[in-house]
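Comments concern the structure below.
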Amino acid sequence: MISPVLATTLSEGILASVDSPQEGSWSACLLHMLPALGDSGAFFLAAVIHTALVGLFFGLPAFVFIWAERKVAGRIQDRLGPTRTGGRFGWLQSLADGIKLIQKEDLAPNAADHLLFRVSPYIVVVAAFAAFIFIPFSDGWTAVSMDVGLFVALAVLSLEVLGIVLAGYSSASKWSLFGGMREAAQMVSYEVPLGLTAVIPVVIAGTMNLNEIVTMQSGGFWNWFVLHDPFAFLAFFVFFTVTLASNKRAPFDLAEAESELVGGFHTEYSGMRWSFFFLAEYAAMFFVSMLGSLLFLGGWWTGIPGLDRAIVAVSNGSPAFDYFSRIIAMVILLTKAGLLVFVQIWIRWTLPRLRIDQVMTTCLKYLVPISCFLFLGVVTWPLMMLTMFHQTSWGPPLGERIPPSERSLNIEEAPRATGLRLPSGHSENTSSATHLVVAGPTKSERGGTH
Amino acid sequence: MHWFLFLFYALFAGGGAIAVVLSQNIVRMAFYLVISLGATAALFFLLDADFVGATQLLIYVGGTVVLLIFGVMLTSSSPFSSIRNTPAEIMQGAIVGLAFLTLLISTVLSVKWSQSPEVLSPAQANLSSGFNPPQSGNSSRSIGTALLGVRFDRDLATNAKAMPAASPVHSHGAGTPEHSHGKQGHVHPVPATETLSPGYLLPFEIVSMHLLVVLIGAGYLARAKRSQAAPTT
């Protein structure tokens, strides 16, 4: 599963000479460079590289956002926040926190179920980490590219709840039990609107592959799915609200409500196990922000057609330029995700916490019906357009609004797992029929090998 | 490598299941169940059935087990409730378990695995099937179309055993997959009739209606107690 994909571009020059069926994979590349490894060795080494890279993207943003949270909180509360550690802005504060937490004693209450108490932080951290495996960080840069990528990512992220509920239960403390129960009740209900709103871009794009969803949003910010139709526009805000709740962020942070439950589910934890919960929380914040930008905010496209065209044109120069353009794309995506994380922090420090009954009311009486309505609206939107304007979209179909780059043309010749895949087998369909692009290009339009 | 991963996850799936049976503490049982179900999901991923694997994770591990623990947390009186079984209960459980095991083994043995790919003749449909190469697992499109009674990988219009050399129909079905409307979505050899296949959509709908009925029934049972209690007080 792991072998096809991830990055590859730096070694694209080398890869060009490899005549392997999966030429885009790290393992094939490694096997070419070091034949002594053998198939299994190359596979294993490729898996290690993937894991290390994804781990970096899992850990480092969390590190930055923990610092940002303190800094932003300080500014909102009219104070400075960390100032001393590591220079002017206190930017090493997270590292100092980490060193402090490693030194602390690893405690477990006598009454606790020791096995579950010790294992639950790992469940939380592994779930948050594993969700990153399926996220594209730039065009084609994803550890495991799947056709059901979004679905798997959401499924894996939902395992995080399990660790928190187990932590709350196994601590043998009333505070923890209450925190765990609140978390379970909250998450079980909020997963419904989360799933419904995450499906809306899938309906528009006609695929669950995150890379393909972003490809569909090329060519100007008006092509981003947030501006696709009024229902999708509202769906983005519902999605964002629901992700706040699914990350236990204020105003939905009832599982750890400090003023009522001491620390909620993590009351009894200390040291590294405690910090695992926080690492996972910040990583999950970053994850849902990435997901929001990929699904609704155009992913790695700048939204300015000229700039996007320029980036695609740069990528056609040479493998090095291609790599460079993907780096730029990654920076754009990380910027969007970072802005969403900033909004999350902003909301946390400006809004009061809801009561648990208000949280459940918000979800079950408002967000679920709203998201059902929005889902219906998005499904019927092409029909509404068709009856009113006799066409389902203006201009060329989704995903064809930027000329395809050379690498995607190469992909058309030899289908590969990485990189863009813009429709090019479209020509015979354009001549035959009107542009009826209901929910993105259909199977035959996207073409491929004929 | 493939064999190693298979053995690894199979061990966890089997070991987790045994631990569920042997454990006395309900929440630990739930945890071992997570291990077992998660390893099963990993086996699905190993078989390139990524959609099924993800569904397994979302429904069973993320949904059912969380609800199980939630129920235990709501209802248990002591901090760590445990189950003590009487010998009669163990006997009952063993009988039911062995009955299911026999059923499973007999089913597995009754399938002729060597023949199953040839029951329906393969079709080369006009389908590059998505973004990824098939070996990295993209089963969602095929599952979706099979649900509607259209299969791209198998020619449902011809029965391989009945008509081994059905080349004109075969090529026709291969050219335009929509025309290869089959008789049944099943792998069993079926007599060639002219009915259109309903796919798996009808069974799927029946099951979902069944679940809805169960849900409404559970809601009704939960409400009935409250309305009975109201007049007495």
Side-chain angles (χ1 to χ4, degrees), chain A residues 1 3-5 21-22 25 39-40 43-44 111 113 115-116 119-120 123 127 144-149 151-162 165-166 168-170 172 177 180-181 184-185 187-188 191 195 207-209 211-212 215 415-417 421 425 443-444 446-450, chain B residues 1-5 25-28 30-31 34-35 38 41-42 45-48 50-63 65-74 76 79-80 126-143 145 152 176-178:
Chain A
M1 287 306 300
S3 54
V5 212
Q22 296 180 353
S25 71
D39 262 340
S40 300
F43 185 82
F44 183 73
D113 186 335
L115 171 76
L116 295 182
V119 100
S120 43
I123 297 179
V144 176
S145 172
M146 281 188 180
D147 264 14
V148 289
F151 185 49
V152 185
L154 286 178
V156 167
L157 193 70
S158 76
L159 302 186
E160 202 186 335
V161 197
L162 189 75
V165 173
L166 278 178
Y169 181 80
S170 64
L177 189 66
M181 277 172 63
M187 279 310 301
V188 167
E191 259 179 29
T207 172
M208 279 196 284
N209 189 312
N211 210 325
E212 224 170 339
T215 306
R416 285 219 330 240
R421 186 197 173 91
K443 181 82 240 154
S444 57
R446 212 170 303 135
T449 53
H450 284 282
Chain B
M1 196 62 176
H2 211 269
W3 273 107
F4 169 73
L5 285 175
N25 182 327
I26 299 176
V27 176
R28 279 206 185 185
F31 175 65
V34 166
I35 291 178
F45 283 122
L46 212 58
L47 289 169
D48 293 341
D50 47 3
F51 186 80
V52 185
T55 314
Q56 167 98 0
L57 278 182
L58 190 73
I59 308 262
Y60 288 106
V61 186
V65 176
V66 168
L67 278 179
L68 180 70
I69 300 174
F70 188 48
V72 172
M73 282 161 77
L74 276 178
S76 75
F80 298 109
N126 174 17
L127 175 85
S128 68
S129 62
F131 195 74
N132 290 324
Q135 61 266 27
S136 79
N138 54 42
S139 46
S140 57
R141 277 168 222 266
S142 352
I143 288 177
T145 53
F152 295 118
T176 50
E178 286 78 10

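A, B, ... follow the sequence lines: proteins, then strands. Residue 1 opens every chain.
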Query raised in the report: Hey, does Leu115(A) have a side-chain heavy atom less than 4.5 Å from the side chain of Arg28(B)?
Result: yes
Query raised in the report: Under 4.5 Å between any side-chain heavy atoms of Ile123(A) and Phe31(B), yes or no?
Result: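 In contact.
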Contact part of [X] toward chain B, heavy-atom cut-off under 4.5 Å: side chain, backbone, both or neither?
X: Leu166(A); value: side chain
X: Leu157(A); value: neither
X: Met208(A); value: side chain
X: Val188(A); value: side chain
X: Ala127(A); value: neither

Query raised in the report: How far does CG of Leu116(A) sit from OH of Tyr169(A), to the nearest 0.5 angstrom?
Result: 9.0 Å
Minimum heavy-atom separation for [X] and [Y], please, with both atom names.
X: Phe45(B); Y: Asp50(B); result: CE2-O, 3.5 Å
X: Gly53(B); Y: Ala41(B); result: O-CB, 3.7 Å
X: Ala30(B); Y: Leu68(B); result: CB-CD2, 3.8 Å

**Report entry** chain B contacts, top residue of Leu159(A), Leu162(A), Val119(A) (heavy-atom pairs, under 4.5 Å)
**Finding:** Leu162(A)
Query raised in the report: Considering only heavy atoms, which portion of Leu67(B) lies under 4.5 Å from any heavy atom of chain A: side chain, backbone, both, or neither?
Result: side chain
